[in-house]
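Heads up: the structure comes next, in structure tokens.
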Number of protein chains: 2
Amino acid sequence: MAGRPREFDRDQALEKARDAFWTRGYEGTSMADLVSALGLASPRIYAAFGSKEDLFREAVALYEANEGGFATRALAEEPTARRVIERMLREAVETYTRPGWPQGCMVVSAATNCAVENDSVLHWLAEHRLARTASIVERLKQGVRDGELKPDTDAETLGDYYATLMHGLSVQARDGVPKERLHALITVAMQSLDARLIQGA
Amino acid sequence: MAGRPREFDRDQALEKARDAFWTRGYEGTSMADLVSALGLASPRIYAAFGSKEDLFREAVALYEANEGGFATRALAEEPTARRVIERMLREAVETYTRPGWPQGCMVVSAATNCAVENDSVLHWLAEHRLARTASIVERLKQGVRDGELKPDTDAETLGDYYATLMHGLSVQARDGVPKERLHALITVAMQSLDARLIQGA
DNA sequence: ACGATTCTTTATCGATCGACAAAGAATTGG
DNA sequence: CCAATTCTTTGTCGATCGATAAAGAATCGT
């Protein structure tokens with residue numbers, strides 16, 4: 001043990017890395033960019049985080065534990081499928097359009113156009129998105145079992161539908177579509193779920 | 001004029017470049033990748049297309065004139081807003097999931113995570129997406145004026161809604177969600193428009 | 001036939017990519 | 001105080017990035 005103590009705050013550096021990767025993506029953020037954003041010489045970054053890819057994975061984990069964790073939180077905290085879906089979508093919009101923060105979803109936009117050598121990163125994020133889609137589908141199936149949704153509801157299709165919309169919200173937010181318009185569109189989308197609701201459940 | 005005639009087919013080379021950029025994006029495709037994909041030494045590529053960025057812009061234009069032109073074609077050829085929207089979405093899915101072709105939408109995925117020096121490319125594609133959103137909104141407004149849609153229809157919101165969904169479809173297609181599931185979700189989404197339709201119009 | 005023009009080939013340019021070697025500085029346990 | 005350990009600093013590594021200079025090859029107009 002022992003040795004010279006680290007002079008910088010690792011958590012704080014990780015937050016800065018998350019913001020950099022969130023803004024410009026994995027390949028769009030060079031080590032030189034990170035050196036500049038974190039205010040640390042590259043050997044200090046490598047000593048603390050291993051490699052650029054390791055740092056990115058930690059940054060995504062941090063994102064998902066906080067700003068990007070709305071889906072998980074909605075699933076864990078809301079009592080009905082209907083409330084899970086709406087809260088997830090509305091918090092997505094809030095996160096994707098927060099002033100002074102990177103726009104859009106880090107998981108959607110940080111590694112879409114990647115060179116072959118970074119396919120592992122690309123697939124890793126894709127799996128995160130697919131897992132999110134699957135968790136939404138599962139929650140809707142639960143809603144059917146609970147008697148919240150009509151028994152003939154196609155939960156997989158409905159889950160795909162909301163997952164697709166959520167990923168589209170990230171694209172629109174990045175393009176600068178204002179949050180009011182995104183919220184308005186969610187109101188339209190919620191009607192598809194309301195139509196499947198069993199009244200008084 | 002005059003001079004030695006070019007030995008390769010420029011159009012054919014452009015198609016190969018479009019496929020490469022469509023698959024891996026602007027920055028994900030290096031000049032070395034293009035040299036390999038086109039089967040041409042780099043000076044021949046520069047002589048024929050100017051620069052990597054010029055080639056990319058031509059490749060996107062080719063994409064939009066053909067595979068990626070479903071929105072424009074639907075808007076031009078379908079008689080009602082209802083038919084424009086459905087055809088656009090269904091052709092989008094077909095294009096995004098065609099076997100043996102790059103998955104997803106080139107305009108959505110070819111330049112999302114870009115280094116600062118390629119911001120111009122990123123913004124150029126963003127403008128294409130925004131223009132597409134706007135054209136959908138315009139078509140729905142026309143539908144209201146035509147008496148196809150109820151007079152109190154919020155065309156902007158409905159247009160945002162379908163544009164968002166379409167961009168989400170590209171993400172899902174890239175992630176490997178099968179086309180049948182994407183078509184099923186479109187059926188759900190069409191109900192939002194059907195609810196605004198004036199019967200017998 | 002011949003100069004002008006254009007394309008093809010070969011070799012390479014400077015800049016930047018992610019990553020690290022080596023040495024100096026600071027702290028620990030003994 | 002000292003040896004061990006860890007962090008910081010300086011300098012730089014080979015590979016790859018997009019792009020081009022220069023020379024040879026092929027076709028044009030005259």
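No hydrogens, no waters, no symmetry mates; every other heavy atom, side chains included, goes into these values. In this text, all values refer to a predicted model and were calculated from it rather than measured experimentally. A, B, ... follow the sequence lines: proteins, then strands. Residue 1 opens every chain.
- Judged by the 6.0 Å distance and 45° axis criteria, A/Lys52 is positioned over the aromatic ring of A/Tyr26.
- The nucleotide whose nearest atom lies closest to any side-chain atom of A/Glu7 is, among D/dC28, D/dT8, D/dT9, D/dT8.
- You'll find that the side chain of B/Pro43 is closest to C/dT10, out of D/dC28, D/dG11, C/dT10.
- Relative to the side chain of A/Arg4, the nucleotides D/dT9, C/dA26, C/dC17 differ in distance, and C/dA26 lies closest.
- Under the 3.5 Å distance criterion, the side-chain polar atoms of B/Ser170 are left unmatched by any main-chain donor or acceptor of B/Met166.
- Here A/Ser42 does not reach the OP1 or OP2 of C/dA19: none of its side-chain N or O atoms lies under 4.0 Å away.
- Between the CG atom of B/Asp9 and the C1' atom of C/dC7 there is a distance of 15 Å, rounded to whole Å.
- Within the structure, every side-chain polar atom (N or O) of A/Tyr46 is placed at least 4.0 Å from both OP1 and OP2 of C/dC20.
- Place B/Arg44 and A/Pro5 on DNA chain C by their nearest nucleotides, and B/Arg44 ends up nearer the 5' end.
- A straight line from CZ of B/Phe49 to P of C/dT8 spans 11 Å, rounded to a whole angstrom.
- Distance NZ (A/Lys52) to P (C/dC20): 14 Å, rounded to an integer number of Å.
- Nearest nucleotide to the B/Met31 side chain, out of C/dC7, C/dA19, D/dG18: D/dG18.
- Summarising the geometry of A/Val107 relative to A/Leu125, their closest heavy-atom pair is O-CD1, 3.6 Å, with the distance given to 0.1 Å.
- If you measure from atom CZ of B/Arg6 to atom P of D/dC28, you get 15 Å, rounded to the nearest angstrom.
- Between the side chain of A/Asp160 and the backbone N or O of B/Leu182, no donor-acceptor pair lies under 3.5 Å.
- Between B/Phe8 and B/Glu117, the residue whose closest nucleotide on DNA chain C is further toward the 5' end is B/Phe8.
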